[in-house]
Amino acid sequence: MQNKGGVISAFVNPQNDGTLAFIERACLLYDENGRIDYFGEVPAADRLIGYEILLREKFVTLPGLIDLHTHLPQYEFASQGAEALLPWLNRYTFPQEGRFSDDRVAELQSLNFFQSSLSHGTTTTVAYLSAHSRAADIAFSEASRAGIRAYLGLTLMDRNVPEELLTTAADAERNMMKLIETWHKKGLTEFVVTPRFAISCSGALLDLCGKLSRAYDTFLQTHISENRDEVSETSRLFPEAKSYADVYDQHGCLHAKTLLGHGIHLAEAERRLIRERESVVVHCPVSNNFLGSGILPYQNFRHEKIRLGLGTDVAAGYSLSMLHEAKTMTEMAKLRAHFDGAKCSITVADAVYQATLGNAAALSRAHDLGSFAIGKQADFCVIDDSLCDTLLDEEKNHYSALAERLNRIVYRSHNNMVETTVVAGKTVFAR
Ligand code: GUN
Ligand code: ZN
């Protein structure tokens with residue numbers, strides 16, 4: 001149990017039809033269980049008795065940002081080594097992830113990662129961990145202590161990576177079972193079955209992942225069709241499969257709780273299969289730019305009714321900011337439309353929707369996360385947008401309607417603008 005609380009500020013509230021409602025002044029109240037029990041006009045003072053009210057009249061409150069794809073052990077080297085995916089993995093990623101055999105590294109870097117995520121307004125993170133089950137246990141503990149909603153996975157590899165990162169299907173099963181028992185759907189944490197990608201997984205390991213994720217109702221996250229060399233290597237390793245998506249499908253890994261990072265180079269038949277299986281393609285535009293992987297045709301995928309998500313993919317993505325990711329999503333949609341000779345229909349509102357309620361829907365949590373409504377979880381971040389104003393005194397800015405303020409928040413975002421982050425009614429970050 002915690003204190004009842006509330007905020008009075010401007011609010012951006014995503015709607016189920018993909019639009020945003022802009023409310024220039026409103027009041028949000030939440031109960032001692034961290035659930036919203038009022039959202040609307042600022043009520044008379046007696047309605048507020050017993051609530052600890054954060055008066056943030058000058059600021060903008062957004063639903064908590066949801067990062068649907070990121071890598072905890074990679075944060076330390078964010079912005080290093082912009083090579084293509086496969087050499088980048090060998091040169092930077094695998095050696096760094098190997099360091100998580102040291103419990104102290106795992107502890108300090110987990111703490112740092114979750115605190116940094118919260119300081120960027122992220123209230124839910126879906127992250128890959130290293131290959132070490134002790135480091136995974138430490139990450140879950142640190143997530144619980146930080147108070148972030150965390151979907152975390154032990155990264156599984158049984159071939160084509162350095163010796164110290166390898167597992168076997170038998171060890172993977174034992175280690176996952178232990179983590180599922182301890183952490184799955186306990187408090188704010190969930191376990192995610194996490195085969196790294198097809199290149200580093202045998203068919204037997206993928207079979208186990210499909211089986212376990214279905215048996216224990218967990219999410220399954222992996223990478224797909226991020227880079228052309230990766231796609232060719234995958235077809236060489238799985239000659240019997242019709243396509244990259246078919247590799248995962250043949251091993252039972254494509255279902256409605258599957259989160260597929262990237263998906264840039266997916267062919268039409270693969271997209272149809274993914275749509276039929278109701279799996280989610282998670283767009284990671286900053287990472288795609290950094291490694292030169294390509295540009296996801298997000299707006300085409302949306303027209304094709306493929307379920308979509310958005311993630312930072314640190315450290316191929318160089319920032320944990322979902323606002324920065326949203327900005328890049330709009331820019332890359334324009335660039336892609338330009339090269340496709342199409343009109344771009346993706347807006348700031350689409351990107352902010354995707355980073356909040358859209359990602360909640362990808363987690364099948366639209367009923368309790370991603371927007372403000374009575375009964376939903378009180379997960380939100382309060383933004384001091386005077387810090388991204390073009391004028392020193394924001395009162396003077398003629399572009400001060402809430403939609404215009406949101407444009408500045410997205411395009412001129414920087415790290416210090418998040419004032420407060422609240423998860424399930426608990427203040428977990430305050431500047
Ligand atoms: N594919 C397999 N592993 C990774 C990873 O760690 N990052 C990215 N961006 N792609 C991958
Ligand atoms: Zn990734």
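Since the structure is predicted, the reported quantities are computational estimates derived from the model, not experimental observations. In what follows, every heavy atom counts, from backbone to side chain, and hydrogens, waters and symmetry copies are set aside. Along the sequence shown, the residues carry numbers beginning at 1. In each ligand, atom 1 is the first atom listed, and ligand 1 is the first ligand listed.
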Using ring centroids (six-membered ring only for Trp), state whether F39 and F11 fall under 6.0 Å. yes
Pairs of nitrogen or oxygen atoms closer than 3.5 Å, one from Q74 and one from ligand 1: do any exist? yes
Enumerate the atoms of ligand 1 whose separation from the nearest heavy atom of H262 is less than 4.0 angstrom. 9 (N)
Can you tell me if Y151 and Q221 form a side-chain donor-acceptor pair at under 3.5 Å? no
Could you identify the N, O or S atom of D313 positioned closest to the Zn ion (ligand 2)? OD1
Quick one about T70 and Y75 (side-chain donor to acceptor, distance below 3.5 Å, no hydrogens or angles considered), yes or no? no
Taking the six-membered ring for Trp and the single ring otherwise, decide whether the centroids of H262 and H69 are under 6.0 Å apart. yes
Structural part of I199 in contact with ligand 1, heavy atom criterion under 4.0 angstrom: neither
Which angle, to 10 degrees, forms at the Zn ion (ligand 2) with NE2 of H223 on one side and NE2 of H71 on the other? 100°
Looking only at distances, can you tell me whether any N or O atom of W88, backbone or side chain, sits closer than 3.5 Å to an N or O atom of ligand 1? no
Identify whether NZ of Lys or CZ of Arg in R159 sits under 6.0 Å from the centre of the six-membered ring of F238 and within 45° of that ring's axis. yes
Closest to atom 3 (N) of ligand 1 (heavy atoms only, candidates E226, E230, R196) is R196
For A316, the ligand 1 atoms whose distance to one of its heavy atoms is below 4.0 Å: 9 (N)
Can a donor-acceptor pair be found between the side chains of S213 and K257 at a distance below 3.5 Å? no
Does one side chain, of T347 or D350, offer a donor that lies under 3.5 Å from an acceptor on the other? yes
Give the atoms of ligand 1, by number and element, whose distance to some non-hydrogen atom of D313 is under 4.0 Å. 8 (C), 9 (N)
